[in-house]
Amino acid sequence: MSEEIKNNEANLPVVSGPLRGALPAQLDLYNKCMALAHNLWWSWHTDVVNLFRSLDPIRWRQLAHNPIALLKEFSPERLERRVSELVIRTRIDQAYRRMNEYMAERPLWSRQHAGVLGSRPVAYFSLEFGLHESVPIYSGGLGILAGDHIKSASGLGVPLVAVGLFYDQGYFRQHLNANGWQEEEYIDTKVEYVPMEPAVDKNGNKITVKVETRNGPIYAKVRKMQVGRVNLYLLDTDLEENSQEDRELTNTLYGGDSRTRIRQEIVCGIGGVKALRALGITPGVFHLNEGHNAFATLEVIREKMEYDGKTFDVALREVAQQTVFTTHTPVEAGHDYFSPELIEEHLGPLREKLGLTQDQFMALGRKHAYDQNERFCMTVLGMKLSRYANAVSSLHGKVTRHMWRELWPQKEEEEVPIGHITNGVHVPTWMAWQMRVLLERHIPGWTVETIDPNIWSQVYNIDPGELWETHEDLKALLIDFTRRRIRRQLQRLKASEEQLAETDFILDPKVLTIGFARRFATYKRATLVMQDLERLDKMLNNEDRPVQFIFAGKAHPADEPGKRLIQYISEVAKQPRFSKRIAFVEDYDMNVARHLVQGVDVWLNNPRRPLEASGTSGQKAVLNGALNLSILDGWWAEAYDGTNGFAIGNGNNHVYDAITDERDRESLLSVLEGEVIPMYYNVDEHGLPQQWIRFMMNSIATLAWRFSSHRMVSDYSQLAYLPAAGGTSAKMF
């Protein structure tokens with residue numbers, strides 16, 4: 001046993017208060033379980049997840065799969081009795097030991113590739129992190145991407161710390177009323193159930209940072225969360241020193257107006273840099289996940305001017321060399337713009353310390369530096385203050401270079417210095433444990449953390465019948481989950497017993513099941529398949545080859561058109577001819593997403609090209625054997641090869657959106673009727689759709705390794721982090 005593991009065991013948390021009377025062995029067990037629960041490492045190890053679930057399966061589900069909340073309902077004595085009943089003490093000890101070994105180990109990848117990052121880590125800034133449904137500090141794809149990024153950094157051993165905000169109420173809970181209209185509910189998070197602790201400096205003092213504005217300072221306390229080997233630092237403004245407005249600043253994610261947004265962004269960016277300094281961390285690289293965090297660069301420039309005596313121009317060049325900037329959206333509304341008045345109100349004190357006039361400062365955030373009519377854009381600031389800028393897919397790279405070409409007027413569009421690193425997903429988080437067991441049984445030495453295509457190609461060794469049986473089991477679990485959630489929705493709406501009984505007949509495990517779940521922005525065209533209800537009726541209720549759909553997703557509270565799309569799907573699902581074939585699962589979160597990507601036959605994605613920067617939900621479906629049916633946009637434009645899924649359209653757009661939409665709708669229905677449905681129902685004498693299963697294997701073999709977040713973080717490390725830190729590597733573009 002290593003000395004570090006011994007020290008970890010010696011430093012288990014001390015149980016006090018009403019638990020003090022427990023026996024030492026009981027306390028040891030309780031503390032080990034709590035130690036496991038306080039590092040989110042547990043969330044991507046299904047054997048540990050199953051340990052927590054087994055303690056009380058019903059409460060586990062009711063408590064949103066939160067192990068801390070669950071364990072707080074146990075006394076050490078009761079926990080010991082339950083563990084003895086289940087005969088799992090040895091498994092708990094092994095899980096605890098494995099976690100400590102994981103924390104003490106420096107992975108081979110890190111030893112070979114991390115280089116200069118070892119002494120000066122990457123500081124990864126994001127306004128949201130999707131780590132697990134029990135930690136509600138995310139809204140959707142951007143946050144889940146950030147969560148997957150730091151999980152893979154942990155797995156590969158990339159020296160990285162993460163910085164964000166802690167939201168007391170997180171993103172909203174979604175409910176549909178009797179008319180199918182989305183309603184939002186914000187619920188206070190019980191901080192004592194979140195796996196974090198106060199961040200402290202080298203003297204053990206709790207850290208509080210101060211950000212100056214024209215209206216006085218904003219204070220934020222710093223919390224620490226452990227995500228495997230990565231420390232995530234979250235700033236929280238709920239302090240007595242703040243005004244009531246500022247205390248509520250970190251209440252909700254993406255709530256409020258532009259004034260709220262800019263204040264959140266200065267706390268995360270400027271406050272985040274101050275927090276790292278208080279922690280004694282000197283980053284070698286600053287990675288900004290979207291423009292929300294770009295103010296961080298200005299604070300680092302200020303530090304270099306104050307502590308190192310650099311001029312603004314010299315400090316700017318040095319900081320830009322250290323900064324990696326990732327942009328995620330080609331949609332104009334996805335970029336933050338602030339008026340000169342808001343900028344001066346909140347950044348005025350920093351501007352003065354930088355020695356800039358108002359015009360000079362505003363120029364940093366404008367495409368056309370001195371255009372007085374142009375507002376301050378956070379994406380422009382991120383582009384100007386970084387030397388390593390990237391989009392998140394190959395196609396998005398082309399779109400982004402066109403979108404921001406005016407920032408480099410002396411260059412041809414194809415020479416604009418914006419590269420791309422295609423997004424990926426964290427395999428252990430999103431692959432069903434049943435699939436993992438299957439792969440481990442047939443591929444000796446297989447590990448879900450590999451990015452070796454040769455390993456994944458061994459999926460062809462799996463017996464087709466066994467792969468199909470595993471998939472069918474996962475689909476049955478999805479349908480049970482969907483029925484349960486629909487029943488809960490109806491109970492909230494005071495439905496009759498007869499209506500509740502009907503939920504047992506919603507969806508059919510033997511029917512081709514198509515999933516669509518994402519943010520309900522209008523460009524994602526959630527209702528594209530529903531524009532011809534008569535044709536849809538014939539498809540869904542075909543006697544020999546029926547089809548069914550499961551929808552989920554939230555519209556932004558201010559997005560009325562997005563809400564109308566949800567309402568329309570809800571109304572269609574209520575029609576008798578569709579009531580058993582279309583389901584909308586409310587309150588989309590990581591738990592709902594996990595069930596959907598693990599259980600559907602087909603994952604549908606039909607945005608208006610090229611507005612899907614990357615998309616990652618379809619990558620999660622790949623890991624579980626689902627086939628993608630998608631517009632050739634984002635990641636699918638570089639993934640589809642004709643044998644690993646299905647394509648909608650040919651990648652061309654008309655100049656008029658209405659014509660594009662009509663063409664894509666016709667293509668979608670034609671592909672369903674002419675390719676997807678016939679292939680699914682073409683079974684052999686054993687009831688196996690052999691060609692479909694072959695497509696499943698092709699999908700896993702060609703895509704699982706390539707679109708994993710381990711590959712993504714490896715690319716960031718070699719193409720961006722090492723050059724930014726002063727090492728050597730290949731160019732991104």
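Since the structure is predicted, the reported quantities are computational estimates derived from the model, not experimental observations.
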Exercise. Hey, mind stepping through Thr326 and Asn390 against side-chain hydrogen bond (donor to acceptor under 3.5 Å, both in side chains) and telling me if it holds?
Worked result: CA-CA 5 Å; Thr326 301; Asn390 71 282; 2.9 Å; yes
Exercise. Residues in salt bridge (Lys or Arg N to Asp or Glu O under 4.0 Å) with Lys310, at least two apart?
Worked result: Glu318
Problem set entry | Glu241 bridged to Lys210 by N-O distance under 4.0 Å | no
For this session: Measure from the ring center of Trp42 to the ring center of His132 and say whether it is less than 6.0 Å.
Result: yes
Problem set entry | Ion pair Arg229/Glu105, N-O distance below 4.0 Å | yes
Exercise. Considering all heavy atoms of both residues, which atom of Gln264 and which atom of Tyr254 are nearest to each other, and what is their separation?
Worked result: OE1-N, 4.5 Å
Seminar exercise, completed: Looking only at heavy atoms, the pair that brings Asp148 and His426 closest together is OD2-N, 3.1 Å
Exercise. Are any of the side-chain nitrogens in Glu341 or Arg214 under 4.0 Å away from the carboxylate oxygens of its partner?
Worked result: no
Exercise. With sequence neighbours excluded, what pairs up with Ser154 under the side-chain hydrogen bond (donor to acceptor under 3.5 Å, both in side chains) test?
Worked result: Tyr102
Problem set entry | Aromatic Phe312 / basic Arg302 pairing, under 6.0 angstrom, 45° off normal | no
Exercise. Honestly, is Lys367 close enough over Trp404, meaning NZ or CZ under 6.0 Å from the six-membered ring centre and within 45° of the axis?
Worked result: yes
For this session: Starting from the C-alpha separation in whole Å, work towards a yes-or-no answer on side chain to side chain contact (heavy atoms under 4.5 Å, CB included) for Trp430 and Trp44.
Result: CA-CA 8 Å; Trp430 296 106; Trp44 65 88; over 6 Å; no
For this session: Quick one: closest heavy-atom pair of Ala315 and Lys304, and the distance?
Result: CB-CB, 3.9 Å
Exercise. Below 6.0 angstrom between ring centroids: does that apply to Tyr716 and His287?
Worked result: yes
Exercise. Is the shortest side-chain N to carboxylate O distance from Asp371 to Arg366 below 4.0 Å?
Worked result: no
For this session: Please lay out, stage by stage, how Glu344 and Arg351 fare under the test side chain to side chain contact (heavy atoms under 4.5 Å, CB included).
Result: CA-CA 8 Å; Glu344 181 60 22; Arg351 173 185 65 75; 3.0 Å; yes
Problem set entry | Derivation of the side-chain hydrogen bond (donor to acceptor under 3.5 Å, both in side chains) call for His368 and Glu374 | CA-CA 8 Å; His368 308 95; Glu374 192 175 330; 3.3 Å; yes
Problem set entry | Leu279/Tyr233 under side chain to side chain contact (heavy atoms under 4.5 Å, CB included): CA gap, chis, key distance, verdict | CA-CA 10 Å; Leu279 287 159; Tyr233 296 101; 3.5 Å; yes
For this session: Go through the steps for Val319 and Ile301 under the test side chain to side chain contact (heavy atoms under 4.5 Å, CB included), then give the verdict.
Result: CA-CA 6 Å; Val319 171; Ile301 291 173; 3.6 Å; yes
Problem set entry | Of Ile266, Val273, Leu350, the residue whose pairing with Phe295 passes side-chain contact (heavy atoms from CB on, under 4.5 Å) | Ile266
Problem set entry | Check against side-chain hydrogen bond (donor to acceptor under 3.5 Å, both in side chains), His328 and Asn289 | CA-CA 8 Å; His328 289 264; Asn289 188 41; 2.5 Å; yes
For this session: Go through the steps for Lys274 and Glu299 under the test salt bridge (Lys or Arg N to Asp or Glu O under 4.0 Å), then give the verdict.
Result: CA-CA 8 Å; Lys274 289 176 176 287; Glu299 175 62 16; 3.7 Å; yes
Exercise. Under 6.0 Å from the CD atom of Glu240, do we count more than 12 heavy atoms belonging to anything else shown?
Worked result: no
Problem set entry | Salt bridge flag under 4.0 Å for residues Asp715 and Arg711 | yes
Problem set entry | Student check: side-chain heavy atoms of Val191 and Met196 closer than 4.5 Å | yes
Exercise. Looking just at side-chain N and O atoms, do Glu128 and Ser139 make a donor-acceptor pair shorter than 3.5 Å?
Worked result: yes
Problem set entry | Sidechain-backbone polar pair: Asp633 side chain, Leu611 backbone, donor-acceptor under 3.5 Å | yes
For this session: Evaluate the criterion side-chain hydrogen bond (donor to acceptor under 3.5 Å, both in side chains) for residue pair Thr189 and Asp168; output intermediate values, then yes/no.
Result: CA-CA 5 Å; Thr189 300; Asp168 298 326; over 6 Å; no
Exercise. Does a side-chain N-to-carboxylate-O contact under 4.0 Å join Glu303 and Arg277?
Worked result: yes
Problem set entry | Donor-acceptor side-chain pairing of Asn242 and Thr237 below 3.5 angstrom | no
Problem set entry | Verdict with supporting geometry, His149 and Tyr124, ring-ring contact (aromatic ring centres under 6.0 Å, His included) | CA-CA 9 Å; His149 191 109; Tyr124 182 86; 4.4 Å; yes
Problem set entry | Pair Asn293, Glu265: side-chain N/O donor-acceptor within cut-off below 3.5 Å | no
Seminar exercise, completed: From the list Asp336, Leu145, Thr329, Leu127, side-chain contact (heavy atoms from CB on, under 4.5 Å) with Glu290 holds only for Thr329
